[in-house]
Amino acid sequence: MDFAATGKKRRIFGVDFSGAKDSCKKIWVSSGRSVGSTLHIEDCYRLADQMGSGSSSRSGRDECFSALRSLIVRENDAVFGIDLSFSLPEHLMEYDWESFIESFSSKYPSAEQFRESCRDRAGGKELKRTSEIKAKVPFSVYNLRLYRQTYFGIRDVISPLVNDGLVCVLPMQEAKDGKPWLIEICPACRLKKEDMYIQYKGKTDDRRNARRRILEYFMNKGLVISSSLQKLIVADTEGDALDSIIATYSTFISLSRLSEIPDTSPENYAIEGYTFF
DNA sequence: CTTAAGTGCTACTGAGCTAA
DNA sequence: TTAGCTCAGTAGCACTTAAG
């Protein structure tokens, strides 16, 4: 398949994921479309904002993840870049990827048991996947700061969608027409790659200015975005809105690289997955 | 007054980088 | 070589503010 041509007709989504108890408030979704060599952003919102009124804070993880799954399934002509690991380091994978996904929830009853199991089998080390080392990710996917994200993301988003055959997870699965495509994205790695890895999360003027600088940097590289959305993104002190925009941009530029994966990625990509950035 | 929602703070692991 | 620092984040707690 010619991903550069076929993929770019698809609507492009970027998701900043969260495994927190109040994940609805922390998950941000952005979307846009490819126009020539530019990316036009159409939307950027908290997941809570597109769920029913009154549910924003009362809803637990289950409802948030259900809402995210619905959103993905609705967009059968889209590609989603998600800030979430779809897999584990090869040493911790016992089966092929699809078997791993299928048995995940029965194998790991809780996020804490998932983390303990990974640590035990890795001899206390925090192992990284081959593509993560290349992408210079700061943390292992079962690190203290990330294990909930990895656990709930695989258990409640990736696994149900894959088990029901509703999505194509690349590059482990074939990209098919009529289904949403999912790829793994790392906004922090994109910023490192662009030499724009500066501190931008927080309430101080410095951090706000940093968010604006990063946004303007990507606007100079073909990101087109309305002034009202720009304000919203810079105003989000947590930086999650900006993360979702970077995820969308990363997905946009990754489209032309999708077909290269088998040639340029490590041998074990089929089981470990591949982090785009 | 009562309760829900928001804010600010701390603790928590390991790895990689830099300065000395 | 080593000390010090920062980093894909979240939970729990005390406290303040808003809504009724």
Side-chain angles (χ1 to χ4, degrees), chain A residues 14-30 46-49 53-61 64-65 81-89 91-92 110-112 114-158 183-204 206-207 210-211 214 235-251 273-277:
Chain A
V15 179
D16 184 55
F17 190 71
S18 160
K21 278 185 174 172
D22 56 349
S23 57
C24 289
K25 289 195 242 174
K26 300 196 172 178
I27 295 175
W28 280 76
V29 178
S30 293
R46 280 181 210 268
L47 185 59
D49 294 340
S53 60
S55 66
S56 62
S57 58
R58 282 189 165 267
S59 45
R61 288 190 184 104
C64 299
F65 299 148
I82 309 179
D83 177 16
L84 162 73
S85 172
F86 298 166
S87 187
L88 298 179
H91 182 69
L92 304 179
S110 74
E112 286 65 34
F114 164 68
R115 179 167 179 244
E116 276 311 302
S117 170
C118 289
R119 284 163 57 89
D120 284 351
R121 283 179 294 151
K125 295 283 180 189
E126 297 201 341
L127 303 175
K128 289 176 183 172
R129 296 176 292 163
T130 309
S131 70
E132 289 172 333
I133 295 166
K134 278 186 166 181
K136 299 184 198 286
V137 301
F139 298 116
S140 159
V141 296
Y142 54 92
N143 174 276
L144 173 69
R145 295 172 70 158
L146 288 184
Y147 73 94
R148 293 181 199 86
Q149 229 173 278
T150 308
Y151 179 76
F152 290 110
I154 294 177
R155 194 192 71 171
D156 294 315
V157 181
I158 304 302
I183 65 172
E184 226 180 274
I185 287 293
C186 174
C189 302
R190 182 77 251 154
L191 290 171
K192 281 187 183 175
K193 182 84 175 173
E194 303 285 347
D195 210 16
M196 285 296 290
Y197 196 49
I198 54 179
Q199 295 190 326
Y200 63 97
K201 301 189 184 218
K203 298 190 171 184
T204 62
D206 279 0
R207 303 298 170 91
R211 289 193 290 278
I214 291 169
D236 173 42
T237 55
E238 317 262 307
D240 296 330
L242 182 56
D243 283 340
S244 74
I245 291 290
I246 299 169
T248 310
Y249 181 82
S250 299
T251 306
Y274 188 84
T275 308
F276 291 88
F277 53 90

Participant: Can a donor-acceptor pair be found, under 3.5 Å and without considering hydrogens, that links the side chain of R148(A) to the backbone of G19(A)?
Facilitator: no
Participant: From the options dG9(C), dT6(C), dA15(B), select the nucleotide whose nearest atom is closest to the side chain of K201(A).
Facilitator: dG9(C)
Participant: Quick one: K192(A) NZ to dA15(B) P, roughly how many Å, whole number?
Facilitator: 15 Å
Participant: One thing to verify: whether E238(A) and R46(A) come together as a salt bridge, which I'm taking to mean a side-chain N less than 4.0 angstrom from a carboxylate O.
Facilitator: no
Participant: Tell me whether the side-chain N/O atoms of R145(A) come closer than 4.0 Å to OP1 or OP2 in dG14(B).
Facilitator: no
Participant: Tell me the interatomic distance from D22(A), atom CG, to dA11(C), atom P, rounded to whole angstroms.
Facilitator: 7 Å
Participant: Both distances under 3.5 Å, Watson-Crick or G-U wobble: report the partner of dA14(C), or none.
Facilitator: dT7(B)
Participant: OP1, OP2 of dA11(C) versus side-chain N and O of R61(A): anything below 4.0 Å?
Facilitator: yes
Participant: Counting any heavy atom closer than 4.0 Å, what does K136(A) reach on the DNA or RNA strands: base, sugar-phosphate only, or nothing?
Facilitator: nothing
Participant: Side chain of R148(A), heavy atoms from C-beta onward: which of dG6(B), dT13(B), dT10(C) has the nearest atom to it?
Facilitator: dT10(C)
Participant: Would you mind telling me which of dC7(C), dT10(C), dG9(C) lies closest to the side-chain atoms of L146(A)?
Facilitator: dG9(C)
Participant: Using a heavy-atom cut-off of 4.0 Å across all strands, would you classify F152(A) as base, sugar-phosphate, or nothing?
Facilitator: nothing
Participant: From CG of D83(A) over to C1' of dA8(C), roughly how many Å is that when rounded to an integer?
Facilitator: 6 Å
Participant: For dT10(C) and S18(A) - does any side-chain N or O of the residue sit under 4.0 Å from the phosphate oxygens OP1/OP2?
Facilitator: yes
Participant: Choosing from dA15(B), dC7(C), dG14(B), which nucleotide comes nearest the side chain of N143(A)?
Facilitator: dG14(B)
Participant: Give the rounded distance in Å between these two atoms: CH2 of W28(A) and P of dA8(C).
Facilitator: 18 Å
Participant: If you check the Q199(A) side chain, which of dA11(C), dT6(C), dA8(C) turns out closest?
Facilitator: dT6(C)
Participant: Could you state the CG-C1' distance from L144(A) to dA11(C), rounded to the nearest angstrom?
Facilitator: 10 Å
Participant: By the 4.0 Å heavy-atom rule, please label K203(A) as base, sugar-phosphate, or nothing.
Facilitator: sugar-phosphate
Participant: Rounded to whole angstroms, how far apart are CD1 on I246(A) and P on dA8(C)?
Facilitator: 11 Å
Participant: Which nucleotide in the set dA11(C), dT10(C), dA8(C) lies at the smallest distance from any side-chain heavy atom of Y197(A)?
Facilitator: dA8(C)
Participant: Can you identify which nucleotide, out of dT6(C), dA8(C), dG9(C), has its nearest atom closest to the V141(A) side chain?
Facilitator: dA8(C)
Participant: Classify the ring geometry between F17(A) and F65(A) as parallel (under 30°), tilted (30 to 60°) or perpendicular (over 60°).
Facilitator: parallel
Participant: Compare the minimum distances between each of dG6(B), dA15(B), dC7(C) and the side chain of P138(A), then state the nucleotide with the smallest one.
Facilitator: dC7(C)
Participant: For residues R211(A) and T237(A), report the shortest heavy-atom separation together with the two atoms involved.
Facilitator: NH1-O, 3.5 Å
Participant: For dA8(C), does OP1 or OP2 lie under 4.0 Å from any side-chain N or O of Y142(A)?
Facilitator: no
Participant: Which whole-number value in Å describes the distance from E238(A) CD to dT10(C) P?
Facilitator: 10 Å
Participant: With respect to the side chain of K128(A), which nucleotide from dG16(B), dG14(B), dC7(C) is positioned closest?
Facilitator: dG16(B)
Participant: Report which part of the nucleic acid E132(A) touches: base, sugar-phosphate, or nothing (heavy-atom distance under 4.0 Å, all strands).
Facilitator: base
Participant: Over how many whole Å does the gap from R115(A) atom CZ to dG14(B) atom P extend?
Facilitator: 7 Å
Participant: So do the side chains of I27(A) and V15(A) get within less than 4.5 Å of each other, counting heavy atoms only?
Facilitator: yes
Participant: Ignoring the backbone of C189(A), work out which of dA11(C), dA8(C), dT13(B) is nearest its side chain.
Facilitator: dA8(C)
Participant: Look at D243(A) together with K201(A) and state whether they make a salt bridge at an N to O cut-off of under 4.0 Å.
Facilitator: yes
Participant: What distance separates C24(A) SG from D49(A) CG, expressed to the nearest 0.5 Å?
Facilitator: 10.0 Å
